[in-house]
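Contents: one structure, followed by commentary.
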Amino acid sequence: QVQLVESGGGLVQAGGSLRLSCAASGSIFSINAMGWYRQAPGKQRNLVAAITSDGSTNYADSVKGRFTISRDNAKNTVYLQMNSLKPEDTAVYYCNVDAVYSDYGNLRYLEVWGQGTLVTVSS
């Protein structure tokens with residue numbers, strides 16, 4: 001099927017930057033939308049940013065102007081560049097991918113979630 005591996009989380013001071021990466025692998029035929037969600041303690045998981053296969057992007061209002069989502073289709077990888085980080089950005093960040101994969105010659109659709117990577121922003 002399809003597996004996701006995330007990297008890039010960590011501890012950073014307010015005003016700092018981090019870059020998250022999420023690489024998809026497996027029997028991938030194509031990848032449609034890719035996105036990042038985040039979930040803070042005691043809160044629901046919310047969309048941070050998403051990017052379609054043709055490069056159209058969508059951002060949560062809280063991160064517009066600070067975060068940038070991009071993708072490398074040749075590497076099946078999505079990135080999230082996070083600048084001017086704030087303590088309220090602290091959360092577990094999850095990669096989400098809509099993919100079509102080959103299942104013994106049959107094409108199937110699958111939505112896949114990454115394992116999550118913790119981003120902590122100290123004040």
Side-chain angles (χ1 to χ4, degrees):
Q1 295 190 349
V2 180
Q3 299 81 37
L4 301 180
V5 176
E6 301 176 13
S7 61
L11 173 65
V12 64
Q13 287 188 334
S17 298
L18 283 175
R19 189 192 194 206
L20 305 182
S21 300
C22 173
S25 63
S27 303
I28 298 170
F29 178 80
S30 65
I31 294 180
N32 303 321
M34 306 179 84
W36 290 94
Y37 288 71
R38 67 187 180 186
Q39 186 168 19
K43 296 188 177 181
Q44 65 181 14
R45 189 176 300 186
N46 293 316
L47 176 70
V48 176
I51 185 168
T52 63
S53 57
D54 64 359
S56 297
T57 58
N58 181 42
Y59 295 93
D61 288 342
S62 60
V63 306
K64 284 180 179 177
R66 300 188 298 122
F67 291 10
T68 301
I69 190 170
S70 61
R71 62 190 284 173
D72 184 333
N73 291 328
K75 296 181 179 179
N76 291 328
T77 299
V78 62
Y79 306 95
L80 185 68
Q81 178 66 43
M82 305 185 292
N83 299 328
S84 302
L85 283 161
K86 304 175 181 180
E88 51 263 44
D89 294 319
T90 295
V92 177
Y93 284 70
Y94 296 91
C95 176
N96 177 272
V97 169
D98 291 341
V100 177
Y101 71 100
S102 176
D103 181 18
Y104 296 103
N106 298 308
L107 296 181
R108 302 190 187 280
Y109 167 81
L110 183 67
E111 181 184 20
V112 189
W113 288 93
Q115 79 280 6
T117 184
L118 177 63
V119 172
T120 304
V121 184
S122 63
S123 57

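Here salt bridge (Lys or Arg N to Asp or Glu O under 4.0 Å) pairs that include residues 45-61, with residues two or more places apart or in two chains, are D61-K64. Residue pairs meeting the salt bridge (Lys or Arg N to Asp or Glu O under 4.0 Å) criterion with at least one member in residues 30-44, sequence neighbours excluded: R38-D89.
Grouping the Ile, Leu, Val, Met, Phe, Trp and Tyr side chains by contacts below 4.5 angstrom, directly or via other members, places L85 with Y59. Hydrophobic cluster membership is shared by L110 and I51, with clusters built from Ile, Leu, Val, Met, Phe, Trp and Tyr side chains linked at under 4.5 angstrom.
Considering only heavy atoms from C-beta on, N73 stays 4.5 Å or farther from I31 through its side chain. In this structure the side chain of Y79 reaches within 4.5 angstrom of the side chain of D72, judged on heavy atoms. Proximity of W36 to E6: side-chain heavy atoms (C-beta onward) are separated by under 4.5 Å at one or more points. In this structure the side chain of M82 never reaches within 4.5 angstrom of the side chain of V12, judged on heavy atoms.
Taken from OG in S123 to NZ in K86, the straight-line distance is 14.0 Å, to the nearest 0.5 Å. With rounding to the nearest 0.5 Å, the separation of CG in L4 from OG1 in T77 is 10.0 Å. From D103, atom CG reaches atom CZ of R108 across 4.5 Å, with rounding to the nearest 0.5 Å. Rounding to the nearest 0.5 angstrom, the gap separating the OG atom in S27 from the CD atom in Q3 is 8.0 Å. With rounding to the nearest 0.5 Å, the separation of CD1 in I69 from OG1 in T57 is 8.0 Å.
The other members of the hydrophobic cluster of W113, by chain and number, are Y37, L47, V92, Y94, L118 (side-chain heavy atoms under 4.5 Å, ILVMFWY only).
If you check the side chains of S17 and N83, you find a donor sitting under 3.5 Å from an acceptor.
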